[in-house]
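Since this is a predicted model, take the numbers as computed values, not measurements. Throughout, a chain's letter reflects where its sequence line sits, starting with A, and its residues are numbered from 1.
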Amino acid sequence: MRYEIPIGPIHPALKEPILLQLSVEGEEIKEVDVIASQNHRGIEWIGMNRNNPIQSLYIAERVCGICNISHPSALVLAVEEAMDLEVPERAQYIRVIQCELERIHSHLLWAGVAAHEIGFDSLLHYTWKVREKVMDILELVNGNRVTKAIMMYGGVRRDIKKEHIPKIRKMLQYYKEGFDKLAKFFLEDKTIEMRTRNVGILTKEDALKLAAVGPTTRASGVKKDVRQDQAYFAYPDFDVKAITPDMLTGKVVGDTYDRIVVRLLEVKQSVEIIERALDEMPGGEITSQPKIAKLLVDLKRADGEGIGRHEAPRGEVIHYVNLKSGFEPFYSWKIRAPTYNNIMSWIPMLKGCQIADVPIVAASIDPCISCTNRAIRIANGRKEMLSKEDLHRLSVEKTKKLMRGG
Amino acid sequence: MVGMIEQVFKAVFGAMGIAIFAIIFGLIYKGIDRKLAAHMQARVGPPIRQPFRDVVKLFAKENIVPERAIGWLFNLAPVIALVSSITIMLYLPIGSFGPILSTEGDLILILYLLMIPSLAMVLGGFASSSPYAAVGAQREMVLMMSLEFPLAITVISIAWKLSRIPVSDPFSLSTITSYPIWNQVGPLGFIGCVLLLIVMLIVAPGELSKIPFDVPEAETEIAGGLLVEYSGRNLALFYLADAVKTIAIGSLIVAIFFPYNLSSILNLAGYLGKFADVVFYFLKLLAVIFFSVILVRVSVARLKIDQVVSTYWIPLTLLSLVGLVLMMLDIILVERGIPW
């Protein structure tokens, strides 16, 4: 007997609203339908209508609470490209350190959530206790644990001071020493292995076909990492290599277990990057334009478009920005969060799994759902869903309109 | 006539006393459980009286019955669960107080009574018309079926051993408590007994739907499963039923495997002896619950239902069968008079 089970829009397995319509037979999942767009916040609209670009930078930080460095990173890259803004080298290094600190805390947060999803609350509490160390450093350096307001067009807003460095090094040491213990808990525990090995497999073909990004795709053996493929900030200096699970286990399965492996290894990689960045960090200015009022005038005068790509903890985040001279807000602003690419990989992952696998498989792509929600269509006060055919028809109409010169 | 009245009197007031006792101590154990688990997870945890507050609060809350639910069944299920849990307690000895009710087949009856709270939850789950509850109810049934076998083998091995002593009612708990199993067996039987104890300790979290066997409720998967639609008074009744059942299972393990009393060891008489026995009983109960429920639930992840079934059917059934075979060998060796 086949019956429908809705997971969502609000469900304990999901930290944010999205609807997974499951068609199950007993415990086995036969069909999956993902119905996104449950929580639209109109962030791009604000950036294109209400705010000036500097205010939008802070809004970008609020696209996602966890990736609060990633979205501003991509946005500053886009805007700096659009207005040809120089960035001092020290600022590039500070950006790298901030991004990698964020990766450590985000991956640890994820690991805790994953443990909770399979009912292993002790590990959740342990992982989050370990995570507190990096949160303390973030607070020390930035004055805040989340939404740190550190990025600025042309540089960063706060320096990493001399007295911070020994404390950061101490934290790095803590993670280096604690890594083996954490890896042992996650990778050698029998029950975790039972719940994650061969569960939610994403094959390499599917990963490529669905253009999955970040740890989700790397766990399937695709060596894709913006820091490696198109290095930005100070990343060219560090020769970042995309991490795949075979580096530790010797094989690529593409299951949930592999995604744990990849994220754990990335924590280690981030620690190494920060260590080198601290060693090699040059002196000098932290921003090329310290006067915000002047920067705002420059932004208003600027003309051009730019794309920023950044490797967020969840994968590649892209911001597209178009600046028009004389128009204060962004003339256009488009955000593509990594979950947008990864969300469709739920379908091949979940097919054939059990209901019990839904939380851990859903969590395994580390979804950031409201970050993904970039459009909503409301007609007559009701939410409407557009199919692929509708979208195709609309875009053909638009192209024809443009060709007519309208 | 007077004797009969006395018996009825004893049964009624004894039952009420046991009900109050079981509920209060069930909630205290829930509090201790939460506190210990919290400390093991490096948390502070709620105060020990928190379960009492939860129950009081739940009773004050609105009791919502879903529109498409079968109302009477939905409301009846929690009552059945609580009543049947308390009924189990009537057959179990507490300290040196013998059980209030007893028959020649206590253990068999308890095995059946243990299923009734679970069956009530299944009924309530199906009656609530929620797809999550339906999944939870199916899982609960599968769970019941899978743990019944090792549990039955354990109980039967012990009763069988006692029947060879010989005693009159091997399935009666008063017999079991007066002939502690460890004293009746040789070395092989002792090993068998240890295996059976391990099986019982692993069956207990399954009976109580605790991690790693909490599949019927599985908060992150099916949002509380069986209990998803329950609120207010009904939820409080299920909560109490769970508390009482925890005590019942703990007491059952204590009665079968650790029936020793302080009063007989230390030669205490009168009220002092009774008091010492009850305190000792609580400590035994706490130790059993600690090792079989609290320690297990903080140290592993939740299993999937097929993994639960294979855990109970393959390794645990085998373990209990090995225990049974060892007991058999022990009996044969003892009866043939082969010296150790």
Legend entry - Taking every non-hydrogen atom, the tightest pair across B:Tyr132 and A:Ile7: OH-CA, 3.9 Å
Legend entry - Side chain to side chain, A:Arg195 and B:Gln307, heavy atoms closer than 4.5 Å: yes
Inset, instruction - Mark yes when over 12 heavy atoms from residues, nucleotides or ligands other than B:Trp313 sit less than 6.0 Å from its CH2; otherwise mark no. - result: no
Legend entry - Any side-chain donor near an acceptor of the partner, A:Asp121 and B:Gln41, under 3.5 Å: no
Legend entry - A:Phe179, CZ atom: more than 12 neighbouring heavy atoms under 6.0 Å: yes
Legend entry - Closest non-hydrogen atom pair, B:Arg302 against A:Gly119: NH2-CA, 3.8 Å
Inset, instruction - Answer with side chain, backbone, both or neither: which region of A:Leu14 has an atom nearer than 4.5 Å to a non-hydrogen atom of chain B? - result: neither
Inset, instruction - Select one option (side chain, backbone, both, neither) describing which atoms of A:Val199 are under 4.5 Å from chain B's heavy atoms. - result: side chain
Inset, instruction - Walk me through it: do B:Arg297 and A:Phe120 pass the test side chain to side chain contact (heavy atoms under 4.5 Å, CB included)? - result: CA-CA 8 Å; B:Arg297 94 181 168 93; A:Phe120 204 156; over 6 Å; no
Inset, instruction - Please check if atom OH in A:Tyr3 has more than 12 non-hydrogen atoms from other residues, nucleotides or ligands closer than 6.0 Å. - result: yes
Legend entry - A:Glu117, part contacting chain B, at a heavy-atom distance under 4.5 Å: both
Legend entry - Nearest-0.5 Å distance that lies between atom CD1 in A:Ile355 and atom CD in B:Gln138: 7.5 Å
Inset, instruction - Drop me the distance from A:Met194's CE to B:Thr311's OG1, to the nearest 0.5 angstrom. - result: 5.0 Å
Inset, instruction - Counting only heavy atoms closer than 4.5 Å, note whether B:Ser130 contacts chain A via side chain, backbone, both or neither. - result: neither
Inset, instruction - For B:Arg68, look at atom CZ and say whether over 12 heavy atoms of other residues, nucleotides or ligands are found less than 6.0 Å away. - result: no
Inset, instruction - Tell me, yes or no, whether the heavy-atom count around B:Arg49 atom CZ, taken from other residues, nucleotides or ligands under 6.0 Å, exceeds 12. - result: no
Inset, instruction - For residues B:Ala42 and A:Lys129, report the shortest heavy-atom separation together with the two atoms involved. - result: CB-CD, 4.1 Å
Legend entry - Shortest non-hydrogen contact between B:Ser299 and A:Ser122, atoms and distance: N-OG, 4.4 Å
